[in-house]
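Data first, discussion second: the structure below is written as structure tokens.
Side chains included, hydrogens not; waters and symmetry mates left out as well; all remaining heavy atoms used.
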Amino acid sequence: MGVGKGDEVVVSGHTFIATWLAVSAAGATPVAADVDERTGNLDPETADQVFSMLMKAVRERGVAALVATHNMALVKNFDRTLRLENGALK
């Protein structure tokens, strides 16, 4: 994905340590996302900030990002979406 030295990667604080280690191994700096302690989800304001940064990086670098979300308000900002229905991508 072109992540390396000088890059910051937003990582959930409620994830397996390997996620953080993979970011560090690539030379980037993991940055903890501020998530709701009860649900582990991003609050709406933080989600907007994270996804704005993600979309900017995707467009600047010409790469793709796979995002799984139930937040349909965020989906409207994506360039392309796929839905998983009955085990098939649509």
Side-chain angles (χ1 to χ4, degrees):
M1 289 189 64
V3 173
K5 186 176 181 177
D7 291 327
E8 293 183 334
V9 177
V10 178
V11 180
S12 171
H14 297 285
T15 188
F16 189 63
I17 188 65
T19 306
W20 286 69
L21 294 175
V23 171
S24 295
T29 302
V31 178
D34 188 17
V35 298
D36 181 272
E37 289 183 32
R38 185 178 56 80
T39 65
N41 295 326
L42 295 170
D43 63 66
E45 182 179 315
T46 303
D48 286 342
Q49 292 172 354
V50 168
F51 281 96
S52 290
M53 291 185 318
L54 173 66
M55 294 306 294
K56 180 179 182 227
V58 163
R59 290 178 177 136
E60 285 177 356
R61 294 173 185 232
V63 297
L66 175 63
V67 177
T69 184
H70 295 280
N71 186 338
M72 298 311 288
L74 291 176
V75 172
K76 70 178 189 234
N77 298 313
F78 297 164
D79 296 329
R80 179 178 179 213
T81 60
L82 298 171
R83 295 178 65 91
L84 181 61
E85 294 180 14
N86 299 319
L89 286 176
K90 298 182 177 194

(message) Quick check: closest heavy atoms across Arg61 and Asp7, and the distance to 0.1 Å?
(response)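 Arg61 and Asp7 have their closest heavy atoms at NH2-OD1, 2.8 Å.
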Would you check if [X] and [Y] make a side-chain contact, meaning some heavy-atom pair closer than 4.5 Å?
X	Y	answer
Val58	Leu54	yes
Val11	Val23	yes
Val67	Phe51	yes
Val75	Thr69	yes

(message) According to a hydrophobic-cluster definition based on side-chain heavy atoms being under 4.5 Å apart (Ile, Leu, Val, Met, Phe, Trp, Tyr only), do Val31 and Val3 belong together?
(response) no
(message) Would a single hydrophobic cluster contain both Met72 and Leu89, if residues Ile, Leu, Val, Met, Phe, Trp and Tyr are joined by side-chain heavy-atom contacts under 4.5 Å?
(response) no
(request) Just jot down the side-chain contact (heavy atoms from CB on, under 4.5 Å) partners of Asp48, sequence neighbours excluded, or say none. (result)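 With sequence neighbours excluded, Asp48 shows a side-chain contact (heavy atoms from CB on, under 4.5 Å) to Leu74, given in chain and number order.
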(request) For Asn77, check side-chain contact (heavy atoms from CB on, under 4.5 Å) against everything at least two apart and list the hits. (result) none
(message) Can you tell me how far apart OG1 (Thr81) and NZ (Lys90) are? Round to the nearest 0.5 Å.
(response) 13.5 Å
(message) Rounded to the nearest 0.5 Å, what separates atom CD in Glu60 from atom CE in Met55?
(response)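 Atom-to-atom, Glu60:CD and Met55:CE are 11.5 Å apart.
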(message) Please list all pairs meeting side chain to side chain donor-acceptor pair (under 3.5 Å) that have one or both residues in residues 20-30, counting only residues at least two apart or in different chains.
(response) none
